[in-house]
Amino acid sequence: MSSNFGTIYRVSTFGESHCKAVGVVIDGCPPDLDLVEADIQPQLDRRRPGQSSLSTDRQEQDRVTILSGTENGKTLGTPIALQVANRDQRPGDYGEMAAIPRPSHADYTYQMKYGIRASSGGGRSSARETIGTVAAGAVADKILRLKYGIEIVAWVGSVGNINSREPDHLTISREWVDETRVRCPDKNAAIEMEKLIVELKDAGDSIGGTVSCVIRNVPAGLGEPTYEKLEAKLAQAMLAIPATKGFEIGSGFSGSRLRGSVHNDPFIKKGNILGTATNNSGGIQGGISNGEPIFFRIAFKPPATISLPQDTVNFQGEPATLEAKGRHDPCVVPRAVAIVESMSALVILDMAMRQEARIATKF
């Protein structure tokens, strides 16, 4: 199973939704970085379940423990192992689902691939496995801020048909995003989003949405053409997040309706370097960062597990009605914000380290 990501800054995640623990091993983290659990915990708190009435009722504190790779609060350059215990486990909630593949979930595909699966909570297909990603991304995020001044901010752009106003990409902050429970910086839209999510949770249904992300202060030159273009790695990272169904960067699909004379980003002088007057490219051209803010959006489907009765069949093909038990998010996007930021950090840091290695070996 491919649970590894990265070339120089490499992560390997482990764990299922109802096993004893989940976590990650980080290899390639530079030595002598100040690192304690408190550096990682804030992003895990933004991702954890049970944080408001908008999310699943599963109660997990998601307290991270550094098992290796540090001493006296400093990284050693050796592999860093991070672990989070699963405390509020209820595998019994999934007894009926052992015989019935949940519609639009991964039960059937995992069974067909491996001949066996974790029937409690979806196993590795559960969003619970993103804890390792978020933990490793929090470490990467700290390195990016300290060494490069790079800032990554994600926010909820829409829930269902409710769209937020686009914030200023140069000033939007995580503090601003977290002012609403739904993590939408447009407070008027946030009120309507929250109402819809609570209504659907009470009804046993779910809804999808989008998350937007901006990465600021990225130097020009990051990206590895041809098959590891920067936007391609970002797309791979984002579409590896559970429940994602779409990725677009810069002008995205709307750019396909424009003429080149409108869509092109003219170059202008910005201080001692070149920049662009517009940013329809989303900060990447030819698969390489151009120094402008990188901007993209990710579409998340409605959570597949709902408590409404669904007519389906069991693994033998016999008609069955499924009323899923357990505790599930009615909408994943408020908790996905931290996951998107963390996946972004993994990609950007790895690309930055690869570029540094290239420059260091130039003749």
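Quick note: residue numbers are just sequence positions, from 1.
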Task: Check: Met351 and Leu230 side chains under 4.5 Å, non-hydrogen atoms - done: yes
Task: Single-linkage hydrophobic cluster, 4.5 Å side-chain cutoff, Ile26 and Ile143 together - done: yes
TODO: Kindly state each residue pair satisfying salt bridge (charged side-chain N to carboxylate O under 4.0 Å, His left out) with at least one member in residues 257-286, sequence neighbours excluded.
DONE: Lys270-Glu292
TODO: First locate atom CZ of Arg102, then atom CD1 of Ile306, and finally report the distance between them rounded to the nearest 0.5 Å.
DONE: 12.0 Å
Open item on the list: Are more than 12 heavy atoms, taken from residues, nucleotides or ligands other than Asn161, located less than 6.0 Å from that residue's CG atom?
Closed with: no
Open item on the list: Just checking Lys245: does its NZ atom have more than 12 heavy atoms from other residues, nucleotides or ligands closer to it than 6.0 angstrom?
Closed with: no
Task: Approximate separation, where rounding is to 0.5 Å, of Leu170 CG and Glu151 CD - done: 10.0 Å
Task: Among Ile294, Val153, Ile150, Thr171, the one residue meeting side-chain contact (heavy atoms from CB on, under 4.5 Å) with Arg216 - done: Val153
- [ ] Report whether Ile241 and Ile249 are members of the same hydrophobic cluster (ILVMFWY, side-chain heavy atoms less than 4.5 Å apart, transitive linking).
- [x] yes
Task: Nearest-0.5 Å distance, CE of residue Met343 to CD1 of residue Ile152 - done: 11.5 Å
Open item on the list: When you compare the side chain of Ile172 with that of Val214, does any pair of heavy atoms fall below 4.5 Å?
Closed with: yes
Open item on the list: Is there a side chain to side chain contact (heavy atoms under 4.5 Å, CB included) between Arg47 and Ile131? Walk through the geometry before answering.
Closed with: CA-CA 8 Å; Arg47 193 225 70 93; Ile131 283 176; 3.5 Å; yes
Open item on the list: Under a 3.5 Å distance rule, please check whether Thr312 uses its side chain to pair with a backbone N or O of Ala320 as donor and acceptor.
Closed with: no
Task: Those residues that, when tested against Lys187, pass salt bridge (charged side-chain N to carboxylate O under 4.0 Å, His left out) (two or more places apart) - done: Glu179
Task: Check: Thr276 and Ile268 side chains under 4.5 Å, non-hydrogen atoms - done: no
TODO: For residues Cys184 and Ser164, report the shortest heavy-atom separation together with the two atoms involved.
DONE: SG-CB, 3.3 Å
- [ ] Flag yes if Leu146 and Ile348 sit in one hydrophobic cluster, no otherwise; membership is Ile, Leu, Val, Met, Phe, Trp, Tyr, and two members link when side-chain heavy atoms are under 4.5 Å apart.
- [x] yes
Open item on the list: Quick check: do Ile191 and Lys195 have side-chain heavy atoms less than 4.5 Å from each other?
Closed with: yes
Task: Shared hydrophobic cluster, Leu82 / Leu76 (ILVMFWY, side-chain heavy atoms < 4.5 Å) - done: no
Open item on the list: Strictly below 4.0 Å, N to O, side chains only: are Glu194 and Arg181 in salt-bridge contact?
Closed with: yes
- [ ] Working to the nearest 0.5 Å, report the span between CD of Glu356 and CG of Leu349.
- [x] 9.0 Å
Open item on the list: Checking the side chain of Ser289 only, and the main-chain atoms of Gly291 only, is there a donor and an acceptor separated by less than 3.5 Å?
Closed with: no
Open item on the list: I'd like to know if the side chain of Asp350 reaches the main chain of Ile8, judged simply by a donor and an acceptor atom lying under 3.5 Å from each other, with no hydrogens or angles considered.
Closed with: yes
- [ ] Please report the C-alpha distance between Ile162 and Ser158 in whole Å, then the side-chain angles of each, then the deciding distance to 0.1 Å, and finally whether the side chain to side chain contact (heavy atoms under 4.5 Å, CB included) criterion is met.
- [x] CA-CA 5 Å; Ile162 304 170; Ser158 68; over 6 Å; no
Task: Nearest-0.5 Å distance that lies between atom CD in Glu37 and atom CG in Leu44 - done: 11.0 Å
Open item on the list: Looking at Ile215, is its backbone amide N or carbonyl O close enough to the side chain of Ser344 to form a donor-acceptor pair, meaning the two atoms are under 3.5 Å apart?
Closed with: no
Task: side-chain contact (heavy atoms from CB on, under 4.5 Å) partner of Val84, the single match among Val134, Val24, Val22, Ile40 - done: Val22
Task: Side-chain donor/acceptor of Arg183 to backbone N/O of Pro334, under 3.5 Å - done: yes
Open item on the list: A side-chain contact here means heavy atoms from C-beta on lying under 4.5 Å apart; do Ser342 and Gln43 qualify?
Closed with: yes
Open item on the list: Checking side-chain polar atoms at under 3.5 Å, does Asn86 have a donor or acceptor matched by the opposite partner on Arg128?
Closed with: yes
Task: Qualifying ring-ring contact (aromatic ring centres under 6.0 Å, His included) pairs, either residue in residues 237-283, two or more places apart - done: Phe247-Phe296
Task: Pairwise salt bridge (charged side-chain N to carboxylate O under 4.0 Å, His left out) hits with a residue in residues 153-165, at least two apart - done: Arg165-Asp186
- [ ] Begin with the C-alpha distance, continue with both residues' side-chain angles, and end with the deciding distance and a verdict on side chain to side chain contact (heavy atoms under 4.5 Å, CB included) for Ile100 and Phe315.
- [x] CA-CA 6 Å; Ile100 303 174; Phe315 276 102; over 6 Å; no
Task: Enclosure of Asp202 CG (heavy-atom neighbours >12, cutoff 6.0 Å) - done: yes
Task: Thr7 backbone acceptor or donor facing Arg10 side chain under 3.5 Å - done: yes
TODO: Check whether any side-chain N or O of Gln41 sits under 3.5 Å from a backbone N or O of Val64 as a donor-acceptor pair, and report yes or no.
DONE: yes
Open item on the list: Less than 4.5 Å apart, side chain to side chain, heavy atoms only: is that true for Ile284 and Leu234?
Closed with: yes
Open item on the list: Test your reading of the model: is there a side-chain donor-acceptor pair from Asp39 to the backbone of Val36, 3.5 Å cut-off?
Closed with: yes
Open item on the list: With a 4.5 Å cut-off on side-chain heavy atoms, are Tyr110 and Ile116 touching?
Closed with: no
- [ ] Not counting sequence neighbours, which residues clear salt bridge (charged side-chain N to carboxylate O under 4.0 Å, His left out) with Arg174? List them please.
- [x] Asp141, Glu341
- [ ] Answer yes if Val177 and Leu54 sit in the same cluster of Ile, Leu, Val, Met, Phe, Trp and Tyr residues linked by side chain heavy atoms under 4.5 Å apart, and no otherwise.
- [x] no
Task: Salt-bridge contact Glu16-Arg117 (side-chain N to carboxylate O under 4.0 Å) - done: no
Open item on the list: How about OH on Tyr148, more than 12 heavy atoms from neighbouring residues, nucleotides or ligands closer than 6.0 Å, or not?
Closed with: yes
Task: Within-4.5 Å side-chain heavy-atom neighbours: Cys29 and Val139 - done: yes
Task: Check: Leu239 main-chain N/O paired with Thr244 side-chain donor or acceptor under 3.5 Å - done: yes
- [ ] For the residue pair Arg124 and Ser3, confirm or rule out a side-chain donor-acceptor distance under 3.5 Å.
- [x] yes
Open item on the list: Give me each pair satisfying ring-ring contact (aromatic ring centres under 6.0 Å, His included) with a member in residues 161-182, each pair once, sequence neighbours excluded.
Closed with: Trp155-His169, His169-Phe295
Open item on the list: Once rounded to the nearest 0.5 Å, what's the spacing between atom CD of Glu231 and atom CD of Gln236?
Closed with: 13.0 Å
Open item on the list: Keeping Asn217 on the side-chain end and Gly149 on the backbone end, is there a donor-acceptor pair under 3.5 Å?
Closed with: yes
TODO: Kindly indicate, with the supporting measurements, whether the criterion side chain to side chain contact (heavy atoms under 4.5 Å, CB included) is fulfilled by Ile197 and Val159.
DONE: CA-CA 8 Å; Ile197 294 172; Val159 171; 4.0 Å; yes
